[in-house]
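The structure under discussion appears below in the form of structure tokens.
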Amino acid sequence: MTLEGLGDWVRSHCCGTLRREHAGQTLTLMGWVDGRRDHGGLVFVDLRDRTGVVQVVFDPARGPQAFRIAEMLRNESVVAVRGVLTERTPDTVNLNIATGEVELVAREARVLNRSRPLPFALDGAQEVAEATRLKYRYLDLRRPEVQRRFIFRHRLAKAVRDYLDSEGFIELETPFLTRSTPEGARDYLVPSRVNPGKFYALPQSPQLFKQLFMVSGFDRYFQIVRCFRDEDLRADRQPEFTQIDLEMSFARPEDVMRVTEGILRVACSLAGVEFPETVRRLTYDEAIARYGIDRPDLRFGLELSDVSAAVRTTEFKVFRAALDAGGMVKVLRLPQGERLSRRELDALPEVVAPFGAKGVAWVRVQSDGWQSPIAKFLSAPEKAAIEQACGAQIGDLLLFVADSPKVVNESLAHLRLHLAHQLELIPSNRWEFVWITDFPLVEWDDEEKRYVAVHHPFTSPREEDWDRLDADPAGVKALAYDIVLNGTELGGGSIRIHRPDIQEKVFRLLGIGEEEARQKFGFLLDALGYGAPPHGGIALGFDRLVMLLTGAQSLRDVIAFPKTQKAVCPLTDAPSEVDAKQLRELGIKLAT
RNA sequence: GGGGUGGUAGUUCAGCACGGUUAGAACGCCGGCCUGUCACGUCGGAGGUCGCGGGUUCAAGUCCCGUCCACCCCGCCA
């Protein structure tokens with residue numbers, strides 16, 4: 001089969017756009033052979049480009065040259081065809097495709113390129129292993145349903161830019177080769193040839209640079225920007241990912257939240273998803289109290305209740321021990337949950353074991369009292385107080401975990417999700433956005449024996465808490481907020497510290513000494529000293545947003561060339577070893 | 001680092017519990033026939049390091065041990 005060049009041929013139309021009103025025109029189409037039906041004396045080819053598929057008829061009587069070409073075509077051959085677009089006769093119309101009322105009768109054809117047999121079919125008839133699809137990602141990306149997601153991603157990025165532009169935001173770029181900073185995720189390091197022994201770090205986020213833009217007076221900054229974190233991967237975590245990053249001056253949390261809601265409203269409208277008039281809000285404390293987690297999935301109920309007070313004086317050893325150790329007892333109430341079988345109940349401890357819970361006590365609330373292994377250990381007033389505390393109704397199942405607050409909340413939060421999945425309580429067409437606010441500024445890290453920032457070290461405490469930083473750090477609330485969708489954290493942000501004295505105070509609280517602060521963040525402290533305005537912002541996970549709105553199961557589905565769980569690119573086999581010469585130039589010697 | 005699932009033809013899978021002729025199917029691929037198909041039809045054909053290494057056995061795709069890879073989860077991800 002001889003290949004030909006384009007010559008003077010110019011594509012006149014795209015395949016998927018052709019309709020009855022184009023009939024009669026002479027067209028030049030170019031694309032891939034999506035399928036071929038060879039009847040010997042007549043050949044049909046489905047010609048595909050980004051816009052869709054159209055049927056081309058190769059008939060020796062109407063296009064002898066084209067017919068000879070058609071006999072040699074194979075799937076995914078690249079071909080140019082010239083002919084007359086013709087209305088199909090009523091009995092040959094195909095309503096399954098958008099162009100099914102017409103077909104191109106080929107007069108001339110040119111084979112522009114051939115294709116070896118594909119490693120997997122592109123028709124989606126059978127599910128192909130992801131590893132295979134990623135190795136040949138350029139083929140996987142030919143599939144219309146895969147392209148759909150990336151076209152959506154493009155449209156969303158454009159809509160976000162347009163919206164933020166209309167709100168007065170300026171898109172500014174920040175360096176990828178930057179400084180490694182302490183705290184947070186592991187950095188990807190880039191050695192400097194010009195400065196042997198020194199390294200750049202790829203940014204985990206443009207956090208400090210966007211604050212500097214505020215000091216510069218740009219007032220409102222945004223960027224759709226790649227970020228890098230060298231941590232282990234998950235379905236919703238890739239080592240490089242994209243954020244919608246923004247920062248605004250003279251802003252209160254309200255202002256950042258309003259703009260964020262504007263972005264999400266645009267995104268939802270693009271995806272045909274309903275966006276609420278006002279987004280719900282929960283304080284961090286409330287979220288933990290009711291759901292045990294700071295990113296609750298609000299598509300279903302199953303709330304938690306603290307029953308510690310109801311059993312304050314109990315003799316029941318399991319509860320007693322937890323309370324005496326400064327812990328708590330909480331209940332997950334499963335309405336109509338008594339139908340859970342004994343076997344299903346027996347499986348529950350396994351669900352919470354990874355979170356440290358030693359067990360799950362269960363109670364079936366029945367008209368004649370409690371059916372439960374722990375019923376005999378609790379007094380009637382205690383039972384009544386528990387029912388009161390969690391609003392128990394007859395027919396409910398109550399699930400108890402008693403332990404430290406951390407173990408209780410993590411266990412029950414997980415159990416809540418587990419049961420919702422198992423009992424299919426999660427409506428797939430609900431979109432529950434919620435703001436989580438009033439995060440603590442810091443929390444005690446037992447391993448490091450110091451306070452660590454819950455959000456990051458530049459987050460501002462509430463103004464009314466400025467004086468409590470020394471006396472009661474754990475009680476200080478931050479001006480920080482997370483936006484959560486269906487139990488996934490879409491993004492988070494905060495009002496930043498804009499005064500050097502407060503920033504130094506927070507560094508001290510985090511155990512970052514004066515010298516270390518000077519050395520690592522000197523430029524920030526300097527900048528804050530030159531008239532930094534109050535400012536704050538947020539970063540939204542762009543890939544996660546695309547994933548949720550397109551119904552994709554994994555971030556890999558919305559990233560064109562993603563990494564596997566071992567952070568390998570199956571297409572290029574990166575990361576790879578490098579020449580000894582490259583290492584020598586960099587002054588690097590491998591330890592292994 | 002830990003727990004779980006999977007790995008057999010180009011692809012998707014069966015075969016494995018209970019070891020035993022030449023490892024099957026569908027789709028795809030190659031060749032023949034076919035002028036209205038659109039999951040075209042039809043006749044024929046090729047195609048396998050059963051992930052890899054070791055062990056048990058007269059005999060291993062099948063049993064045992066190790067290991068690699070992919071995926072899900074925990075740790076980790078301010």
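These numbers come from the heavy atoms of this one structure, side chains and all, not from hydrogens, waters or symmetry mates. Convention: sequence-line order gives letters A, B, ...; per-chain numbering from 1.
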Picking from B:C71, B:G36, B:C27, the nucleotide nearest the side-chain atoms of A:Gln126 would be B:C27
Please tell me if A:Gln204 has a side-chain N or O lying less than 4.0 Å from either OP1 or OP2 of B:C77. no
Q) Taking N and O atoms by type only, does the side chain of A:Asp91 place a donor or acceptor under 3.5 Å from a partner on the base of B:G36? A) no
Atom CD of A:Gln55 and atom P of B:C38 are separated, to the nearest Å, by 10 Å
In whole angstroms, the gap separating P of B:C30 from CE of A:Met72 amounts to 14 Å
Q. Any side-chain N or O of A:Lys566 under 4.0 Å from OP1/OP2 of B:A70?
A. no
- prompt: Rounding to the closest angstrom, what is the interatomic distance between B:A17 and B:C29 at atom C1'?
  reply: 36 Å
*asked:* Taking any heavy-atom pair under 4.0 Å as a contact, classify A:Val43: base, sugar-phosphate, or nothing.
replied: nothing
When rounded to whole Å, the CD1 to C1' distance for the pair A:Ile293 and B:C74 reads 14 Å
Notebook entry, point to check: Checking only heavy atoms, does the side chain of A:Arg62 share a donor-acceptor pair with the base of B:G36 at less than 3.5 Å?
Noted result: yes
Between A:Glu103 and A:Glu127, the residue closer to the 5' end of RNA chain B by nearest nucleotide is A:Glu127
To the nearest angstrom, the NE2-C1' distance between A:His418 and B:G4 comes to 14 Å
| message | Salt bridge check, A:Arg295 against A:Glu489: does any charged N sit closer than 4.0 Å to a carboxylate O? | response | no
Using Watson-Crick geometry (N1-N3 plus N6-O4 or O6-N4) or G-U wobble (N1-O2, O6-N3), each under 3.5 Å, B:A25 is paired with B:U12
From CD of A:Gln565 across to C1' of B:A70 the rounded distance in Å is 8 Å
key: Residue-phosphate contact under 4.0 Å: A:Asn94 side-chain N/O, B:G36 OP1/OP2   = no
Out of B:U35, B:U12, B:C29, minimum distance to the side chain of A:Pro117 belongs to B:C29
Worksheet entry | Residue pair A:Glu240, A:Arg226: steps toward the salt bridge (Lys or Arg N to Asp or Glu O under 4.0 Å) verdict | CA-CA 6 Å; A:Glu240 51 179 311; A:Arg226 198 67 58 84; 2.8 Å; yes
Practice task
Between B:U21 and B:G61, how far apart are the P atoms? Round to whole Å, please.
Solution key: 11 Å
Considering only the C1' atoms, how many Å lie between B:C63 and B:U57, rounded to the nearest integer? 10 Å
Considering only heavy side-chain atoms of A:Ala185, the closest of B:G36, B:U12, B:C77 is B:C77
Checking N1-N3 plus N6-O4 or O6-N4 for Watson-Crick, or N1-O2 and O6-N3 for wobble, each under 3.5 Å, the partner of B:U67 is B:G51
When rounded to whole Å, the CZ to P distance for the pair A:Phe228 and B:C77 reads 20 Å
I'd like the P distance from B:G15 over to B:G7, given in whole Å.
10 Å
Check this for me: does any side-chain nitrogen of one of A:Arg133 and A:Glu127 sit under 4.0 Å from a carboxylate oxygen of the other? no
Of the candidates B:U35, B:C76, B:G10, the side chain of A:Pro119 sits closest to B:G10
| request: Using a strict 4.0 Å threshold on nitrogen-to-oxygen distance, state whether A:Arg143 and A:Glu145 make a salt bridge. | output: yes
request  = Report yes if a side-chain nitrogen or oxygen of A:Arg74 is closer than 4.0 Å to either non-bridging phosphate oxygen (OP1 or OP2) of B:G28; otherwise report no.
outcome  = no
Ranking B:C77, B:U11, B:U12 by distance to the side chain of A:Phe120, first place goes to B:U11
Exercise. Under 4.0 angstrom, heavy atoms only, what part of the nucleic acid is A:Thr92 near: base, sugar-phosphate, or nothing?
Worked result: base
- Query: Which part of the nucleic acid, if any, lies within reach of A:Ser494 when heavy atoms closer than 4.0 Å are counted: base, sugar-phosphate only, or nothing?
  - Reply: nothing
Between CG of A:Asp38 and C1' of B:G36 the distance, given in whole Å, is 13 Å
Between A:Arg37 and B:U35, is there a contact of a side-chain N or O with OP1 or OP2 at under 4.0 Å? no
I want to check one thing: is the phosphate of B:C72, taken as OP1 and OP2, less than 4.0 Å away from some side-chain N or O of A:Arg556? yes
Pairing partner of B:C76, by Watson-Crick or G-U wobble and under 3.5 Å for both distances, is none
Open item on the list: Could you tell me how far B:A60 sits from B:G55 if I compare only their C1' atoms? Round to whole Å.
Closed with: 11 Å
pair_partner(B:G41), Watson-Crick or wobble, both distances < 3.5 Å, evaluates to B:C33
Of A:Thr132 and A:Arg88, the one whose nearest nucleotide on RNA chain B sits closer to the 5' end is A:Thr132
C1' gap between B:A25 and B:C64, integer Å: 31 Å
Point to revise | Step-by-step ring pair (Phe, Tyr, Trp, His ring centres under 6.0 Å) determination, A:Phe176 to A:Phe228 | key: CA-CA 9 Å; A:Phe176 278 3; A:Phe228 307 86; 5.5 Å; yes
With the side chain defined as heavy atoms from C-beta on, A:Pro60 is closest, among B:U35, B:C71, B:U12, to B:U35
Original post:
Do A:Arg237 and B:C76 have a side chain to base donor-acceptor pair shorter than 3.5 Å?
Top reply: yes
Checking N1-N3 plus N6-O4 or O6-N4 for Watson-Crick, or N1-O2 and O6-N3 for wobble, each under 3.5 Å, the partner of B:C18 is none
Is the A:Phe507 ring parallel, tilted or perpendicular to the A:Phe458 ring (thresholds 30°, 60°)? perpendicular
When A:Thr437, A:Asp285, A:Asp465, A:Asp438 are each screened for side chain to side chain donor-acceptor pair (under 3.5 Å) with A:Lys477, the one that passes is A:Asp285
Rounded to whole Å, CZ of A:Arg114 lies from P of B:C29 at a distance of 17 Å
Modelled atom types, side-chain donor and acceptor of A:Arg179 and A:Thr181, under 3.5 Å: no
